[in-house]
Amino acid sequence: MADREIKKVLLLGSGALKIGQAGEFDYSGAQALKALKEEGIHSVLINPNIATVQTSKDVADTVYFQPVTPEFVERIIEKERPDGILLSFGGQTALNCGVELYEKGVLEKYGVEVLGTPVQAIIDTEDRDLFVKRLDEIGVKTIKSEACSTVEEVQKAAHELGFPVILRAAYALGGLGSGFCDNDEELLAQAEEAFSFSPQVLVEKSLKGWKEIEYEVVRDRFDNCITVCNMENFDPLGIHTGESIVVAPSQTLTNAEYHKLRALAIKIIRHIGIVGECNVQYALDPNSEDYRVIEVNARLSRSSALASKATGYPLAFVAAKLGLGYGLFDLKNSVTKTTSAFFEPALDYVVVKIPRWDLTKFHGVKRQLGSSMKSVGEVMAIGRTFEEALQKGLRMIGQGMHGFVENHEIKIADMTTSLHEPTDMRIFVVSKALKVGYTVEQIHQLTMIDRWFLEKLRHIVDIDHRLKEFAQFSEMAAFMDNTELMEYLEAPEFVELLREAKIYGFSDFQIGRALGLESQMNMEKAGLTIREWRKELGVVPTVNQIDTLAAEYPAQTNYLYLSYL
């Protein structure tokens with residue numbers, strides 16, 4: 001436990017949800033409150049958002065529906081007199097508020113201890129000048145950048161670095177005020193916007209086209225470290241992580257690249273002195289092992305919530321316990337209840353996160369994606385293959401799509417421009433490009449999406465084309481009885497193709513539409529017909545598969561059987 005007895009802890013929430021900030025901080029805060037309750041510590045929560053789990057009854061002991069600003073928080077500290085404060089569970093809003101309280105001397109005045117990562121470590125990661133200096137001390141490469149406080153300084157820095165550059169507003173949420181600039185005109189417009197969000201603007205040399213990789217790292221006060229999960233963006237650097245499809249674990253890194261970046265992440269978290277959880281983001285040159293550290297989030301982030309759900313490792317829960325003074329070796333794995341939390345999960349499945357947008361609801365909005373967030377949520381899908389997880393996810397994003405293929409037709413005025421300038425429909429533009437004959441190499445040159453991902457997407461399109469070759473079954477289904485039809489369907493090549501389609505994430509309706517059944521019957525019946533055919537042909541997961549999994553995960557037995565139906 002901590003050096004002094006902690007009886008009451010104040011937790012800063014993320015405030016009202018807005019574009020650039022989704023429900024991940026509700027998840028993180030609720031997990032931290034659960035950890036405090038387990039320790040018998042009185043929790044005080046400040047969060048004005050009534051539509052979150054953490055402000056529900058009995059989650060926190062005391063809830064203040066007040067803005068997360070220094071003025072309000074100071075008054076609550078004065079009244080509640082907490083022993084400690086947690087800053088890492090409310091996103092950038094809570095972090096900025098905590099730093100301001102520290103700098104004004106409020107925390108010292110009321111004797112409030114910052115639990116977990118020290119405030120100076122937070123400042124070291126948030127202030128770009130300090131961040132670069134700290135990483136220079138251990139020889140870790142960062143993106144060449146200049147911290148500026150005036151438009152004139154921004155112009156001077158941009159000309160010294162050379163176009164193209166990216167502007168980032170320091171201490172900003174969801175990449176607000178950031179953007180790429182190719183000339184002086186774009187630079188001045190972007191600088192004006194960036195300074196409206198922050199007094200400090202960072203001018204960085206653009207590394208557009210490099211891979212974007214993230215590691216979730218945990219450290220306790222005894223200097224024990226583990227990397228819980230690493231993730232890779234489907235899109236190259238230039239699109240905000242919240243706007244990109246993210247894949248866990250990374251799929252295109254070599255073994256050497258993976259371990260090099262992992263070792264660097266541990267080196268960084270130890271040097272900065274973070275206690276709890278942090279997120280290290282890298283830009284990686286696709287043609288060499290050259291890298292740059294983009295940023296370190298000394299807090300729970302959107303990626304942390306994804307990593308927790310993807311691996312089953314409760315990062316926020318563990319981070320809260322570590323903040324109270326525990327070591328990783330003291331904590332039990334929350335899933336097994338017997339093994340230690342001091343381990344790195346190994347995944348034998350693929351997790352894909354896909355963002356959700358509501359851009360169609362806003363008139364005149366620019367649909368182009370960039371370094372600032374426009375997405376309002378995300379979905380997560382799990383599969384044995386990248387193709388399966390991706391197709392599952394695309395069915396859930398609320399755009400009326402059925403997967404990567406067999407969707408309603410989308411109109412694209414200029415395919416080359418649409419591939420080069422990404423929008424919220426980018427993945428479906430890639431689908432159409434593959435269908436009309438664009439090669440993997442052509443799409444790669446226009447999008448800079450890694451060829452490995454594009455080959456997997458082409459695989460889905462290839463399966464779809466092969467299914468279409470069996471479209472005569474839809475005509476047979478219209479006039480044959482079931483017995484006669486089954487004789488045709490039992491052709492070995494069709495049975496194997498059906499099995500392959502299911503393995504790579506095709507829904508029964510997608511298969512039915514590819515086979516032309518939709519023209520003979522309604523959408524729902526087409527899917528049910530394929531389901532009946534599959535069962536007749538034995539194209540279902542084997543009982544052995546389910547039994548093996550059920551024996552391995554007894555607590556999830558019912559879920560496993562239901563999910564395989």
Side-chain angles (χ1 to χ4, degrees), residues 251 349-350 352 381-395 401-409 427-428 430-440 443 452-546 563-565:
Q251 301 295 303
Y349 51 84
V350 178
V352 172
I382 301 176
R384 286 288 184 185
T385 63
F386 168 73
E387 296 96 317
E388 181 192 5
L390 180 78
Q391 295 224 80
K392 281 182 179 179
L394 292 175
R395 284 196 277 277
M401 299 301 190
H402 301 285
F404 185 66
V405 292
E406 297 303 337
N407 299 307
H408 59 76
E409 195 67 21
I427 188 73
F428 302 111
V430 173
S431 174
K432 188 158 187 176
L434 287 166
K435 278 188 270 187
V436 300
Y438 277 66
T439 64
V440 163
I443 298 172
W452 187 91
F453 290 122
L454 295 176
E455 288 288 358
K456 296 296 181 182
L457 297 180
R458 187 174 68 174
H459 181 212
I460 297 173
V461 173
D462 288 345
I463 293 173
D464 190 48
H465 284 159
R466 283 155 56 205
L467 283 168
K468 287 181 186 297
E469 292 172 6
F470 287 91
Q472 75 270 20
F473 288 141
S474 63
E475 297 162 20
M476 296 176 189
F479 61 84
M480 281 186 165
D481 66 39
N482 201 45
T483 306
E484 291 176 302
L485 180 63
M486 287 310 296
E487 290 178 10
Y488 283 91
L489 294 177
E490 285 170 354
E493 60 270 26
F494 179 71
V495 175
E496 281 312 303
L497 179 57
L498 204 55
R499 193 182 307 280
E500 186 180 356
K502 294 304 293 181
I503 287 170
Y504 292 105
F506 280 72
S507 68
D508 289 337
F509 170 73
Q510 273 179 294
I511 296 169
R513 181 176 266 184
L515 294 176
L517 286 182
E518 200 183 11
S519 62
Q520 305 290 331
M521 56 193 74
N522 64 37
M523 175 177 161
E524 186 179 354
K525 193 175 178 186
L528 289 172
T529 299
I530 294 296
R531 184 181 175 83
E532 288 169 13
W533 289 1
R534 281 199 299 105
K535 287 190 169 184
E536 289 278 351
L537 296 168
V539 182
V540 292
T542 64
V543 175
N544 287 343
Q545 278 181 292
I546 307 170
S563 67
Y564 271 105
L565 287 177

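One is the number of the first residue; the rest follow in order along the sequence. Keep in mind that what you see is a predicted model, and the values were worked out from it rather than measured.
- Nearest heavy-atom pair across Arg395 and Phe506 is NH1-C, 4.3 Å.
- To the nearest 0.5 angstrom, Lys468 atom NZ is 9.0 Å from Arg513 atom CZ.
- For Phe428, the ring-ring contact (aromatic ring centres under 6.0 Å, His included) criterion is met by no residue, not counting sequence neighbours.
- Contact record, Asp508 with Ile530: O-CG1, 3.5 Å, taken as the closest heavy-atom pair.
- Considering all non-hydrogen atoms of both residues, Leu537 and Leu498 come closest at CD1-CD2, 3.9 Å.
- With rounding to the nearest 0.5 angstrom, the CD atom of Gln251 is 8.0 Å from the CZ atom of Phe386.
- Minimum heavy-atom separation, Val405 to Ser431: CG1-OG, 4.2 Å.
- Annotation: ring-ring contact (aromatic ring centres under 6.0 Å, His included) contacts of His465 (sequence neighbours excluded): none.
- Each of Ile460, Val461, Leu467 was scored for a side-chain contact (heavy atoms from CB on, under 4.5 Å) with Ile463, with one residue passing: Leu467.
- Residues Leu390 and Leu457 form a side-chain contact, since some pair of their non-hydrogen atoms from C-beta on lies under 4.5 Å apart.
- Around the NZ atom of Lys525, the shell of radius 6.0 Å holds no more than 12 heavy atoms that belong to other residues, nucleotides or ligands.
- With values rounded to the nearest 0.5 angstrom, Glu455 atom CD is found 10.5 Å from Glu387 atom CD.
- Ile427 CD1 to Phe453 CZ: the interatomic distance, rounded to the nearest 0.5 Å, is 10.0 Å.
- Put simply, the side chain of Glu490 does not reach to within 4.5 Å of the side chain of Glu536, judged on heavy atoms.
- Checked by atom type and distance alone, the side chain of Arg384 never pairs as donor or acceptor with a backbone atom of Tyr349 at under 3.5 Å.
- The pair Glu532-Lys535 fails the salt-bridge criterion, with no side-chain N (NZ, NE, NH1 or NH2) lying under 4.0 Å from an Asp/Glu carboxylate O.
- Between Arg466 and Glu469 no salt bridge is recorded (no basic side-chain N to carboxylate O distance below 4.0 Å).
- Contact between Gln391 and Gln510 at its shortest, heavy atoms only, is OE1-NE2, 2.9 Å.
- Between the CZ atom of Phe404 and the CG atom of Leu394 there is a distance of 8.0 Å, given to the nearest 0.5 Å.
- The closest donor-acceptor contact from the side chain of Arg534 to the backbone of Val539 lies under 3.5 Å.
- Between Phe470 and Phe494, the two ring planes are tilted [angle within 30° to 60°].
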Evaluate the side-chain contact (heavy atoms from CB on, under 4.5 Å) criterion for residues Ile503 and Arg499: first the C-alpha distance (whole Å), next the side-chain angles of each, then the deciding distance (0.1 Å), finally the verdict.
CA-CA 6 Å; Ile503 287 170; Arg499 193 182 307 280; 4.2 Å; yes
Could you walk me through whether Ile511 and Lys502 pass the side-chain contact (heavy atoms from CB on, under 4.5 Å) test, one step at a time?
CA-CA 9 Å; Ile511 296 169; Lys502 294 304 293 181; 3.7 Å; yes
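- Closest heavy-atom contact between Ala389 and Ala381: O-CB, 3.2 Å.
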